[in-house]
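Accompanying notes for the structure given below.
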Amino acid sequence: MNLAREERIACRVVDIADAPLDPLDAIAFVSDDAFGGIDVFIGRVRTRSLGRQCVGIHYDMFDPLALAVFRRAAEASIEAHDPQARCYIAHAKGKLAVGDLAVVVAFASAHRDAAFRGCRQAIEAVKYQAPIWKQEHFTDGSTAWSEGTPLVAADAGAGADGA
Amino acid sequence: MNLAREERIACRVVDIADAPLDPLDAIAFVSDDAFGGIDVFIGRVRTRSLGRQCVGIHYDMFDPLALAVFRRAAEASIEAHDPQARCYIAHAKGKLAVGDLAVVVAFASAHRDAAFRGCRQAIEAVKYQAPIWKQEHFTDGSTAWSEGTPLVAADAGAGADGA
Amino acid sequence: MNITLQLFGRFREFADGPELRLELPGVTTAAEFRAAFEAWARTHWPDAATALLQASAIATETTLLHARSPLPADGRLALLPPVSGG
Amino acid sequence: MNITLQLFGRFREFADGPELRLELPGVTTAAEFRAAFEAWARTHWPDAATALLQASAIATETTLLHARSPLPADGRLALLPPVSGG
């Protein structure tokens, strides 16, 4: 209950060849008897994308930076919504089939408004800031890397390596 | 995938004496290969309430009306956020201990924004519109029914029994 | 009309069982029931209960009743104090 | 400087392996690396790759580099095209 912030954050990269993502692992990690609300977001590979039928997605990832981004996303979300909250972020990599889980984010707080907002902020950061790339595999045998969002370094003024 | 709306809604009242609420049941029900986003909210009995230490909560419920309210909440949430979505609402009743799950709501859609908004709208309806009452049991042996929110009948103009 | 009134939440503390059976002549709408029941409560229940009654709703198994709603033919009603689920 | 550049996403299709080893004399900042690498790419990669390069970031294992960021002493960099996780 009075853990330091870094102990209230769990970040994982899971190779689908080793194990699927586990929502119960997320729920167990963020659960705390001081918290009444847990919000869990689950991203699941779906059949249609860009109007075409998909058989699966290959996720490529730069693991060490992805983990660093997950941790900073969790810290920012906790800071913004409840300094006592707990946050869990896990993303799969490798060749996922339709129905496989690609990402699981959980955020728990004493109150549900913080749980919802914290979870939402964390998944948005994962989608727009983490070094992860999606290659869609279509039923006709073709593949396509998603267009994606360009990464932008945080404001230089905030970093030790800035101007 | 092309189920009628009533088949895309599951509502449950679970007596804690029979079984705990099961988040995996919620996730399994709302999962569909057409959907990329699932949001799950879990309400869990916590140790502190009104600044006092709690050992548990007794939930009283008017089951048939609660189930009717859950269904209408799920329908309204689906209507508002994604007509193709799936929604699951389950609430426990009986004597829950700290750590037991009181409510599980899941909402799944092709896109995550609808999943978050749909889940949030559904849990708000459960909290403010469902006939459920919370009696807190404190460590000193005392108990207290929560103050709660008065129920208000929907606009008379909308009902067949209105003016 | 013969009414069976189910009690919930804090109202359970004011009665011996989970429901009350009342004979309330001439009552046909929810508003009439409420007036007659408040009169009954003032003579049978403590002040705390009559105060809670002001903040409570009258319902059937499927819906909340409006003031002008007719009572169901079977006379089965539920008295719902302010709610606190979730 | 000796650079080892890890490739990700669509960039993997433009190379034989997961990383490139390059000798780029006089390069000490991320901006200098970018200019030198773009020149290299124009002679070794198709136009699609050089276009993608414009939208890509340069990073180490822990952070994205700003234009004026010094390169790490070990010369290990990653080339990150637009991302699409989640």
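Predicted model, so just to flag it, every value in this text is computed and none were measured. By convention in this document, chain letters (A, B, ...) are assigned in the order of the sequence lines, proteins followed by strands, and residues within each chain are numbered from 1.
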Report the distance from atom CD1 of A:Ile42 to atom CZ of B:Phe35, rounding to the nearest 0.5 Å. 13.5 Å
Calculate, to the nearest 0.5 Å, the distance between atoms CZ and CZ belonging to A:Arg120 and B:Arg120 respectively. 12.0 Å
What pair of heavy atoms forms the shortest contact from [X] to [Y], and how long is it?
X       : Y       : result
B:Val40 : A:Asp39 : O-OD1, 2.9 Å
B:Asp33 : A:Arg44 : OD1-NH1, 3.3 Å
A:Pro23 : B:Ile27 : CB-CD1, 3.8 Å

Go through the atoms of B:Ala102 and report whether side chain, backbone, both or neither lie under 4.5 Å from a heavy atom of chain A. neither
Over 12 foreign heavy atoms within 6.0 Å of CD, B:Glu147: no
Using the benzene-type ring in the case of Trp, are the ring centres of B:Phe41 and A:Phe116 under 6.0 Å apart? yes
Checking the side chain of A:Arg112 only, and the main-chain atoms of B:Ile123 only, is there a donor and an acceptor separated by less than 3.5 Å? no
Tell me which of these, A:Cys54, A:Ser31, A:Ala115, A:Gly43, has more heavy-atom pairs under 4.5 Å with chain B than the rest. A:Ser31
Among A:Gly99, A:Ala108, A:Gly37, which residue has the highest count of heavy-atom pairs closer than 4.5 Å to chain B? A:Gly37
